[in-house]
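Take a look at the structure below.
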Amino acid sequence: MEQLQSFDDFVGMLRRHVFLIVVIIACGIAGSVIYATSLPRLYETSAVIQIEQPRIRDPLGSTTSVNAAMLQQLQIIEQRVMSRNNLQHIIDKYNLFSALDLSDSMKVDALRESASVTRAIDPSLQWRPDVSPTALTITVRMANPELGALVANELVTNVLEQNQQRRSDRVRETLEFFESEEARVGEDIDALESEIAVFKTENADALPAGMDDKREQLASLREAELEIDRQIIELNTGGSSGSNSIRGNRVLRLEEQRALFRQRAEEIEAILDIAPQVEQTFNTLERRLQKLSDQYQAITRSQAEAEMGQMLESSRQSESFTVLERALVPALPISPNRKRIVTSGTLLSMIVAIVSVLLLELRNPVIRTASQLERQVGIRAIVAIPVVEMGSGKMRQRVIKSVGMGLIVLVAVLIVGLIIT
């Protein structure tokens, strides 16, 4: 590279190989233009669905769970919209990918790659996982702009239908569940009340409510029995006046009374012995009844809330999806970027041309100018005889210029065509 030690040497090298440089650059630009125009164009269109929060709070969900329920609902809707059956229906409806020899599964995969559903969330709240989005953006990329807009709007319709159907199904299923639970728990309460009534009838004397009276009766009977024993003792010891027959009759009557009191006391003691078991069983039945009553009240409240949710859904007072922007037919493609491809090809062809010229100079390292001679041998040239072109040389120069101009015109035509298309 000793011949290229100044800017003039570099310019002289380019001037000597201008034809090669023009050919390489022209071929590079032409190839870039042809490659850029051969790539299929891809159009992108989008539709926006605005998510409006409920005007009246949904009684089926608490305040803390509204956002989580909304996120779950959106995930289910997205999964249903992008399901295989739904995408296959859209493919069949608009005859998508008919020009390509693809199977149904490959067509569904291609549509999934072309369409996407993204959620719009406040950037300042993106760090929170429980924040519900404010909008859904449905984007479709296709080679046919009209079909892209149709598919995007079809997906918008699917999202709206899925949202409406899911909310209606949710409210209906919730209401049906609480109605069936109300009937079931009501039947259980009726059956348990009947069981408690039978139990009270069979164990009326041993119920907890009468135990205090039974204990008072038992104490009274024991006192009466002691009094009778005292009177019998007095009669037997002769402590009272009267004949023996009269005392015997009185003792006999007192003993009969004592036997009756003792029999009644034994009956009361037997009742008191089984009273704890009866009380335990009765309390168990009462707890079961109280539990069923609490369940029935909770079910009744939930059923009323479900009915209110159904009213809100029918009057469209709950959260709703509104189409904010319909997908329009895009006018310009998003890819390929033909200008960038041509620019990159031009720069690359210029680099290739310069490298090619440098390689040619390296293969033929001759001294071409007086300055190169002075640098090489240290002697200044006194006279420099210029190259005089003869007739054939001039003809060759004109041919080179004509070919170069033709290539430049061809490249210009290709670039204009690229810009127009």
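Predicted model, so just to flag it, every value in this text is computed and none were measured.
Applying the side chain to side chain contact (heavy atoms under 4.5 Å, CB included) rule to Thr137 yields the partners Ser46, Val48, Thr118, Thr139; only residues at least two apart in sequence or on another chain are considered. Residues that satisfy the salt bridge (Lys or Arg N to Asp or Glu O under 4.0 Å) test with Glu161, not counting sequence neighbours, are absent from this structure. Residues meeting the side chain to side chain contact (heavy atoms under 4.5 Å, CB included) test with Phe177, sequence neighbours left out: Glu181. Gln88 meets the side chain to side chain donor-acceptor pair (under 3.5 Å) test with Asp92; sequence neighbours excluded. Partners of Lys291 according to the side chain to side chain contact (heavy atoms under 4.5 Å, CB included) rule, which considers only residues two or more places apart in sequence or in another chain, are Gln295. Taking the side chain to side chain donor-acceptor pair (under 3.5 Å) definition, one finds that Asn153 meets it with nothing, sequence neighbours left out. For Arg80, the salt bridge (Lys or Arg N to Asp or Glu O under 4.0 Å) test picks out no residue, with sequence neighbours left out. Judged as a side chain to side chain contact (heavy atoms under 4.5 Å, CB included), and not counting sequence neighbours, the contacts of Ala224 are Phe261. Looking at residues two or more places apart in sequence or on another chain, you find a side chain to side chain donor-acceptor pair (under 3.5 Å) between Glu154 and Lys93, Tyr94.
In terms of modelled atom types and a separation under 3.5 Å, the side chain of Thr45 and the main chain of Leu328 share a donor-acceptor contact. In this structure a side-chain-to-backbone donor-acceptor pair under 3.5 Å is missing from Ser168 to Gln165.
Look at Arg172 and Glu176 and you find a salt bridge, because one of the NZ, NE, NH1 or NH2 atoms lies within 4.0 Å of a carboxylate O, short of that distance.
Screening residues 132-148 for salt bridge (charged side-chain N to carboxylate O under 4.0 Å, His left out) gives Glu44-Arg141 as the qualifying pairs, with residues at least two apart or on separate chains.
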Atom pairs and distances, side-chain donor-acceptor, residues 186-194, under 3.5 Å, sequence neighbours left out:
unit_1, atom_1, unit_2, atom_2, d
Asp188, OD2, Arg184, NH1, 3.4
Ser194, OG, Asp190, O, 3.0

Throw together a table of side-chain donor-acceptor distances under 3.5 angstrom for residues 100-111, partners on residues two or more places apart or in other chains.
unit_1, atom_1, unit_2, atom_2, d
Ser103, OG, Met106, N, 3.4

